[in-house]
Structures are given as structure tokens and as C-alpha cells.
**Q** 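Got a structure here, written out as C-alpha cells. Questions coming.
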Amino acid sequence: WSFQTTSSFFRPTPKPRILKIQDGNKMAGCKSGWYESVFYKGDSFAVAQPSKLITCYQSTTTTTPSPSEEYATMRVKESATLVQITMFAGLLFLLFVMFRSYSRFKTDWYRLIGVYLIGTIGVPVSILLGPQHPGFNRIVGFGILVHNLAEVFIIGHVWFGNVNKRGHNRYGGIYTLLYVWVILTLIAFLPHAPLFLILMIQGAGCDWMLVATFVHLGRWMNKTGNAEHFKSDGGCMGCVHANLGLAAAIMHIVSIQPLFFSFATTLQGLTLFTVIALFPTFLVYIWFAAVDKLESPFIIQPNPSSRAAMDCDRNQLLVRILRKENEIELKQRSVVNPQEEKDDGAAADQTQIVNNDEYPKPSDRDGDRKKSYTYGDVVVYGLVNIDKTNGMKWFKILVGVTFSVSVANSLLVFFSPCYINMVPVVCD
């Protein structure tokens, strides 16, 4: 694209209603026109709308509606507001459930989904805080960033485990900070049209990568026999567990498509489908987290005076005592034999590496059951670290595939004003 600013933007006009910044060529072949940035009266931020639809929205701001039209408009706004309030209340309740269910001793699926809930709430909040005219705007970009950051949080834990753990994911936090800085810079300085496309590509990429991750995770768990401990008399719960996460990810990526199309075509009613689908999607995510009965109970957080909590506190205290004793012993030996101190220092470092794990290895959890990894163990250690042979290979393959799919998905939405004539729908 070639971007230019029309000189009319800088000329004072009497009673200004709309200020337009042309983001590119008119692209005469587009049925609804190409994207143009528009400043509506009373808005501090511009919105990107197809050029042929701007006249329709301009006429609604300059004409006085009839009482029946005004009543119909208010009814639509009331219904939309009630839907948003209901979904917000539902998501806040689910967030409370995640808060009561997550383990305060280690990373688990309840915590990951809770962070995902917070990030997802950021999208409708950004829509409410931004310009109230249909189309894409920069404020929505911040909501998309927060949402995708939560998805990166889940994907990073599944593939690489805990951030900055020795030998696991030491630089994950740095990569995440660079990602946030780059996207924030693009939101601040890039024109609307390319910004919309880039945010869609990376947003859809995270969504599709989440789908691919659950597909691979379920396949890997069943292939390696790690899902055996889910089997019960009623059937294979491991299969159900794998499919629940996949179903939730698919529900989300299907429900997010109307939101993208609403930005491209300015058909604002499509966003309601996305908002309505949020609650059932996260219900399935919570079901996925609750199936693993070996992890923390659903809604019931371990009581500080419970046996499990006291055992964990005791183990952490023993680790600190052992570290202190090792340090004292090394100092005493260094006085007697400096060479012995050097040899013991390497052993102490190795001991510290082992003790840095704040929870037991999967093979040490339960001697009665088969030694295997649970879904909870995967988000602690990461598939790349567990499956050292094929983990990184599959990660790179899935990144390449999902990136290609997200580009195709985003281009289909981005050029929708060119092959869909929204003039009769919007203007009439």
C-alpha cells in the first residue's frame, strides 16, 4: 500500500462532522470501498471504515431520526448492553472459580485459564472504551494484545514449561517482553489498514496455534501412554480430557471470526456472537482443567491447615534447611582443604539444581500408579523438555502450519469489503 494524508485534514471547516485520512488507494474494484481512517465528532481516536460506508454513517450523524427509528435504535442498544453485562458477570464468576481452584504452590491449568479469562475480558473492555462508531480502531488493538498475551502464556507453558526455571525456559520472559514492545510500537505508529492486518495475523496465529497445541498434546498423551491414569470403569477419561481442551479452542476460534468481520465490514452486531460465545467456551476450558482428578480439586482451594498444604510447607522448609546445611559444611571444609571445597562446590551446584524443583518429579509422585506425566505436569516442564527427541521438531512444524493458516484466514477477512457489498446492508 501507499499511504498519504489528504490536505483537507489540516484545513479548518465550519461545523466539522467527519475528518477523513485516506489510508490507501480507492481500489475501485472493492464493492464496499477501501479502508479510510475517519474522525467522528466527539471521538478522540479514528476508526477505519470502507470508504463507501462512510457516507451512510455521516448521514446518521447529520439527520434527525423519527421517533420510531429512535425507539428501535434504543431497543437494540439496550439488548446489546444487557448481553454484555450478562457475559461480563458470567466471566467474572468463572474468574472467581479459577481463583478458588488454582494451586498456590505450582503452575496448573486453573491458573492458566484464569489468566486467559483476564486477557479475554480485555477485548470487550477495549471495545467499550474506544470509539463507539463501527470499524477498527487503535484502542481495540490494545485489547487484542492483552488477549493474545494470555494465549502466549498458555502456549509457552505447554511447550516450554515454567518461565526462567533452570534448564527449562530461561528466556521466555524476555521474548514475551520483546513481543509486547513490538506490538505496542505498531499500535502507536502504524496506519490503520496494515495495523489491522498485522494484529489479525498474529491474533489468529495464537488462536490456531492453541488448537494445534491441544491436538498434539492429546495425541502425545495417548501415544506415550500418559493418559492411562485417566481410565476408569466408565471408560477412557483420557480421551475425553484431550478432546475437551481441543473443543474449547475450536469454539473460541470459530466465535472470534464474527469479531474480525465486524471490524472489516462495520457490521457491529456480529460482535454479539463473539461475546455470547465467551461463557460456554470457558466453561469447557474449566471442565478440561477439572477432569484431572490428580490435580487440585475444583473450586476448593487447599486449606492452609490441610494435610496437603502442611506437607508442601514442610518440604519447602526441609529444602531451605538442606541448602543452609550445605553452605555451612562447605565453609567449614574450605578452611581445612581448599581443593575439597572446589570438588564439593560442583556437587552442591548439582544438588541445588535438583532442590530448585519446588514439587516432586512425576516419577516420584505415586509409587502405586504407572510412572507417567499428567496434563498438569506438562505445563510445569513443557513438551519440548519432556519429549527431547521430537518436541522442538513438532513445535516448529505447528508454528509454520498455523502461521500459514492464520495468514490465509486474515487475508480472507481483510479483503472482505472488496468481495462483499455492505452498502445495502449498512445504508438501508
**Q** Side chains of Trp220 and Val378, heavy atoms from C-beta outward: is any pair under 4.5 Å?
**A**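 Yes, at least one pair of side-chain atoms sits under 4.5 Å.
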**Q** Donor-acceptor pair, Ser404 side chain versus Gly400 backbone, under 3.5 Å?
**A**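 Yes.
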**Q** Taking Ser410 for its side chain and Met200 for its backbone only, find out whether a donor-acceptor pair lies under 3.5 Å.
**A**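 Indeed, once roles are kept as given, a pair shorter than 3.5 Å links the two residues.
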**Q** Just how far is it from atom CD1 of Ile286 to atom OH of Tyr110, taken to the nearest 0.5 Å?
**A**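 Between atom CD1 of Ile286 and atom OH of Tyr110 there are 9.0 Å.
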**Q** Indicate, with yes or no, if the rings of Phe288 and Trp109 have centres closer together than 6.0 Å.
**A**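 Yes; Trp109 has its ring centre under 6.0 Å from that of Phe288.
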**Q** Do Asn162 side-chain atoms and His157 backbone N/O form a donor-acceptor pair below 3.5 Å?
**A**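 A pair under 3.5 Å: no.
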**Q** Can you list the steps and then say if Phe214 with Arg219 is a side chain to side chain contact (heavy atoms under 4.5 Å, CB included)?
**A** CA-CA 8 Å; Phe214 278 111; Arg219 173 180 170 275; over 6 Å; no
**Q** Should Ser416 and Phe261 count as side-chain neighbours, where that means a heavy-atom distance under 4.5 Å?
**A**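 A side-chain contact exists here, since the closest heavy-atom pair is under 4.5 Å.
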**Q** Could you give me the CA-CA distance, side-chain angles and deciding distance for Leu199 and Leu145, then say whether side chain to side chain contact (heavy atoms under 4.5 Å, CB included) is met?
**A** CA-CA 8 Å; Leu199 289 179; Leu145 172 61; 5.9 Å; no
**Q** Counting N and O atoms only, with roles assigned by atom type, does the side chain of Asn409 sit under 3.5 Å from a partner on the main chain of Val405, one being a donor and the other an acceptor?
**A**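 No, the answer is negative, given that no donor and acceptor are paired below the 3.5 Å cut-off.
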**Q** Just how far is it from atom CG of Leu246 to atom CG of Leu217, taken to the nearest 0.5 Å?
**A**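 Leu246 atom CG to Leu217 atom CG measures 10.5 Å (nearest 0.5 Å).
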**Q** With rounding to the nearest 0.5 angstrom, report the CD1 to CG distance, Ile127 to Asn137.
**A**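 Taking CD1 in Ile127 and CG in Asn137, the distance rounds to 8.5 Å.
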**Q** Mind checking whether His252 and Tyr285 have ring centres under 6.0 Å apart?
**A**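 No - the distance between ring centres of His252 and Tyr285 does not fall below the 6.0 Å cut-off.
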**Q** Between the side chains of Tyr35 and Gln49, does any donor sit under 3.5 Å from an acceptor?
**A**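 Per modelled atom types, Tyr35 and Gln49 side chains form no pair under 3.5 Å.
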**Q** Check each of Thr120, Leu117, Ile113, Val115 against Leu95 using the side chain to side chain contact (heavy atoms under 4.5 Å, CB included) test, and report the only one that passes.
**A**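 Output: one option passes, namely Leu117.
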**Q** Does any N or O in the side chain of Arg138 come within less than 3.5 Å of the main-chain N or O of Ala46, such that one atom is a donor and the other an acceptor?
**A**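 It does not hold such a pair.
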**Q** Report the C-alpha separation of Val47 and Phe136 in whole Å, then their side-chain angles, then the decisive distance to 0.1 Å, and conclude whether the side chain to side chain contact (heavy atoms under 4.5 Å, CB included) test is met.
**A** CA-CA 5 Å; Val47 294; Phe136 173 78; over 6 Å; no
**Q** Answer whether the closest heavy-atom distance between the side chains of Ser126 and Phe142 falls below 4.5 Å.
**A**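 No, their side chains stay 4.5 Å or more apart.
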**Q** Quick check for you: to the nearest 0.5 Å, what is the distance between Phe395 atom CZ and Ile155 atom CD1?
**A**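 The CZ atom of Phe395 sits 8.0 Å away from the CD1 atom of Ile155.
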**Q** So, taking the atom named OG in Ser406 and the one named CD1 in Ile253, what distance separates them when rounded to the nearest 0.5 Å?
**A**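 Here the interatomic distance stands at 8.5 Å.
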**Q** May I ask you to check whether Phe263 and Phe260 place their ring centres under 6.0 Å from each other?
**A**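 Not under 6.0 Å, so no.
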**Q** If you define the side chain from C-beta out and look only at heavy atoms, does anything of Met422 sit under 4.5 Å from Leu53?
**A**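 Yes, close enough: below the 4.5 Å cut-off.
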**Q** Main chain of Ile420, side chain of Ser32: is a donor-acceptor contact present, judged purely on distance under 3.5 Å?
**A**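 Pair found, side chain donor or acceptor close to backbone of Ile420.
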**Q** Okay, side chain of Asn385, backbone of Tyr381: is any donor-acceptor separation there less than 3.5 Å?
**A**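 Indeed, once roles are kept as given, a pair shorter than 3.5 Å links the two residues.
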**Q** Which atom pairs, one a donor and one an acceptor, fall under 3.5 Å between side chains of residues 274-281 and the rest of the protein, sequence neighbours left out?
**A**
unit_1, atom_1, unit_2, atom_2, d
Thr274, OG1, Ser255, O, 2.6
Thr274, OG1, Leu259, N, 3.3
Thr281, OG1, Ala277, O, 2.7

**Q** Can you check whether Arg111's main-chain N or O pairs, donor with acceptor, with Asp108's side chain at less than 3.5 Å?
**A**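 Side chain of Asp108 to backbone of Arg111: a pair is present.
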**Q** Would you check, one step at a time, whether the test side chain to side chain contact (heavy atoms under 4.5 Å, CB included) holds for Ile201 with Phe403?
**A** CA-CA 8 Å; Ile201 291 177; Phe403 177 76; 4.0 Å; yes
**Q** Enter the distance from Leu244:CG to Trp287:CH2 here, rounded to the nearest 0.5 Å.
**A**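 Reported value, rounded in 0.5 Å steps: 5.0 Å.
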**Q** In terms of the angle between their ring planes, are Trp159 and His216 parallel, tilted or perpendicular, with boundaries placed at 30° and 60°?
**A**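 Trp159 and His216: parallel rings.
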**Q** Are the aromatic ring centres of Tyr116 and Phe282 under 6.0 angstrom apart?
**A**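 Centroid separation for Tyr116 and Phe282: below 6.0 Å.
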**Q** Strictly distance-based, threshold 3.5 Å: is any side-chain N or O of Gln257 a donor or acceptor partner for the main-chain N or O of Val254?
**A**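 Between the backbone of Val254 and the side chain of Gln257 there is no qualifying donor-acceptor contact (under 3.5 Å).
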**Q** Check the orientation of Phe414 and Phe196. Use parallel for under 30°, tilted for 30 to 60°, and perpendicular for over 60°.
**A**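 Aromatic pair Phe414/Phe196 classed tilted.
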